[in-house]
Amino acid sequence: MRIALFLVFGITAPAPAPAQGPPAPAPLGAWTPIPELPVMGRPVDTAAVAARRRALAARIGRGVVLVPSAHERQLERDYVQDNDFRQNNTFFYLTELETQDAWLLIVAPGGDDRETVLFLPPRNPAQERWTGLRLGPDSVAARASGIPRVLSTDSLDRVLRSARARAAGPLYLPLDVSTRDEPRITDLTFDGGDVRSLRPIVDSLRLVKDADEVSRLRKAIDITTLGHIAAMRAARPGMWEYEIEAALEAVFRRNGADRVGYPSIVGSGPNSTTLHYDVNRRRTRDGDLVLVDAGAEWGQYTADVTRTFPVNGRFTPRQKAIYDLVLATELAAYDSTRPGVTIAQLNRIARDYMGAHSGSLCGDQTCDVYFIHGLSHWLGMDVHDVGDYSTPFRPGMVLTIEPGIYLPQESLGVRIEDDVLVTPGGAEWLSGKAPRTTQEIERLMRGGR
Ligand SMILES: [Mn+2]
């Protein structure tokens, strides 16, 4: 069930506009916290997250799982320029809540409603006047999360102790970079109990996306496609790379993207041959190719799409020949994408194809020599998503296919990257709406549709 929290939000009637000057702040004592509060975040697919928690408990068999949420960053103490709150991925996977300073406890066997507890800090009205309304340990949080047992974080240690005694199994914690500064996690790892890493189990669950995850990815990818189209339309010789970046990211934001999934790469001319160039400060010149590798993030999931286009709207014969080989390589890899195949096999198929169809395009060498990175990676909440790279494809897995050829001596780099969902019968392009053939790109840049 999805709970439309924005309806709840509707009860906060705006104050009437003052006749003149800014309104005087209401004295703190006169301000009453609104019991029905909005959550910073989107509605939770409560059925989907409950199913993920049950799946996790089933994989553990017996034990206790404890996961902290992310904390708010301190404006002026961390990075003044960036205090954006982004939820911890493990916590988000199991709750879809974008709330700070929370903890999730799951006891296995079970992992159902009776064996799951959400801990939230008590609300702080004075603090909320600065940072906005928060979820607190009350019935609003229970409804928003679909977790009936919501307690104050004050009771976490006591409830955890009794849960561990009852479960008589290991304690699973997300032991990774996301929790290395979490004092409670550090203490628990040294308390002499059987403490194990939660990540391998959660990572393998995250590898196969459920329907809610696929719909989030589709949204992020659709927004990204619109951004790439806008970048192609805006491009003109003499434009600065950052102007093309601005055209792209304006469309991301205008369409509701929460942020970029990674720094946008807009590399023109020589910069098109630098794989992760993201300075974006060069002025383009007539005849340049522009390589744009960018993905919007929406609902915690990110796209990862690359398009390469001529800044003046016309590929030279040389650029087109290299481009068409990269594209044909991508299609060959896609045609082999189906359940049971591995990324290593796909990589081999792509390299063999590129090598066999190089002709004299890359001089004495075959062009796969200039294809200097891997073909694919998993895609999800992380742009290079978690999961074992030797896992044979199963329906619901999402990966990129991204061959490239980079010729620095010619200032000529081409990468084409699409996001692909593995289906029972093969695969589906998720980013197929972004123009991809030289003909489609040239038509779009001439002002066609
Ligand atoms: Mn990629």
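Note that ligands are numbered from 1 as they come in the structure, with each ligand's atoms numbered from 1 the same way. All values below were derived from every heavy atom in this structure, side-chain atoms included, with hydrogens, water molecules and symmetry-related copies excluded.
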Tell me which N, O or S atom of E402 sits nearest to the Mn ion (ligand 1).
OE2
Kindly confirm or rule out a cation-pi arrangement of R42 over W298, judged by NZ or CZ under 6.0 Å from the six-membered ring centre and within 45° of its axis?
yes
Taking the basic N atoms (NZ, or NE/NH1/NH2) and the acidic carboxylate oxygens, is any pair closer than 4.0 Å for R307 and D418?
yes
Rounded to the nearest 10°, what angle sits at the Mn ion (ligand 1) between OD2 of D304 and NE2 of H377?
80°
Taking the N/O/S atoms of E417 one by one, which is nearest to the Mn ion (ligand 1)?
OE2
Suppose we only count N/O/S atoms under 2.8 Å; would D293 qualify as near the Mn ion (ligand 1)?
no
Distance-only donor-acceptor check, side chains Y262 and D278, under 3.5 Å:
no
Shortest non-hydrogen separation from S272 to L291 and the atoms involved:
O-CD1, 3.5 Å
